[in-house]
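Right, one structure below, let's go through it.
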Amino acid sequence: MPALLLGALIVVPLLELYVIVQVGQQLGVLPTILLLLAVSLLGGYLLRREGRATWSAFRDAAGRGSIPTREVVDGALVLLGGALMLTPGFLTDAVGLLCVLPPTRAALRALLTRYAGARMLGIVSMPSGPRRAGRAARKGPHKDSDPGPGGGEVIDGEVLPPEQ
């Protein structure tokens with residue numbers, strides 16, 4: 001993780017400056033600045049358009065009662081892509097564009113969900129010793145006389161739905 005942070009905070013800006021200087025030498029200073037401004041404006045437009053579409057899809061999925069996992073991942077990618085496109089630089093703009101445009105976003109979503117699934121399976125299948133969490137780890141097994149973290153009397157009962 002520290003290497004990733006180092007890359008994000010030091011290497012990426014240095015690469016961006018190098019690319020901007022190279023483009024500036026080819027096109028000139030004013031056209032390069034105008035191009036960076038145009039791409040940032042395009043990023044703002046795409047962020048607004050794709051963000052609205054993703055939010056609408058999220059609301060539709062939630063309204064149907066389904067879990068909007070695809071829409072949440074799309075929303076995160078659109079937000080990341082928009083932030084990258086609003087950041088001055090050609091490299092971040094290219095990555096941001098990949099995150100925002102629907103066809104490439106779908107491919108990135110598939111990669112991310114596959115990666116997350118593999119990580120989850122790797123974590124679940126890792127051998128580990130027995131774990132005890134919460135009060136059980138500190139106080140031992142729960143006893144009927146133990147009132148729990150809130151204190152007071154423990155009442156056994158059944159929860160009934162409200163009468164209509």
Exercise for review: Say whether Val100 and Tyr45 are linked into one hydrophobic cluster, either directly or through other cluster members, by side-chain heavy-atom distances under 4.5 angstrom.
Suggested key: yes
**Study point:** Pro102 vs Arg105 side-chain heavy atoms within contact, under 4.5 Å
**Key:** yes
Exercise for review: Determine, using the 4.5 Å side-chain heavy-atom cutoff (strictly less than), whether Val23 and Leu91 are members of one ILVMFWY cluster.
Suggested key: yes
Check your understanding: Cluster question for you: counting only ILVMFWY and a side-chain heavy-atom cut-off of under 4.5 Å, with indirect links fine, are Val11 and Phe90 together?
Key -> yes
Review point. Are Val12 and Ile20 in one and the same hydrophobic cluster, where Ile, Leu, Val, Met, Phe, Trp and Tyr link if side-chain heavy atoms are under 4.5 Å apart?
Key: no
Check your understanding: So which heavy atom on Thr104 is nearest to which on Leu98, and how close?
Key -> OG1-O, 2.6 Å
Going by atom type alone, with no hydrogens or angles, which donor-acceptor pairs under 3.5 Å involve a side-chain atom of residues 63-85 and a protein atom two or more places apart or on another chain?
{"from": "Ser66", "atom 1": "OG", "to": "Ala61", "atom 2": "O", "distance (Å)": "3.1"}
{"from": "Asp74", "atom 1": "OD1", "to": "Arg109", "atom 2": "NE", "distance (Å)": "2.7"}
{"from": "Asp74", "atom 1": "OD1", "to": "Arg109", "atom 2": "NH2", "distance (Å)": "3.4"}
{"from": "Asp74", "atom 1": "OD2", "to": "Arg109", "atom 2": "NH2", "distance (Å)": "3.4"}

Review point. Any sub-3.5 Å donor-acceptor pair from Thr113's side-chain atoms to Ala110's backbone N or O?
Key: yes
Review point. About how many Å separate CG of Leu86 and CG of Leu42, when rounded to the nearest 0.5 Å?
Key: 10.0 Å
Point to revise | Atom pair CG (Leu41) and CG (Leu34), whose distance is rounded to the nearest 0.5 Å | key: 10.5 Å
Review point. Within a reach of under 6.0 Å around CD of Gln26, are more than 12 heavy atoms found that belong to other residues, nucleotides or ligands?
Key: no
Review point. Do you know which two heavy atoms are closest between Ala8 and Pro13, and how far apart they sit?
Key: O-CD, 3.6 Å
Practice item. Verify, without hydrogens or angle tests, whether Ser40 (side chain) and Leu36 (backbone) share a donor-acceptor contact under 3.5 angstrom. Key: yes
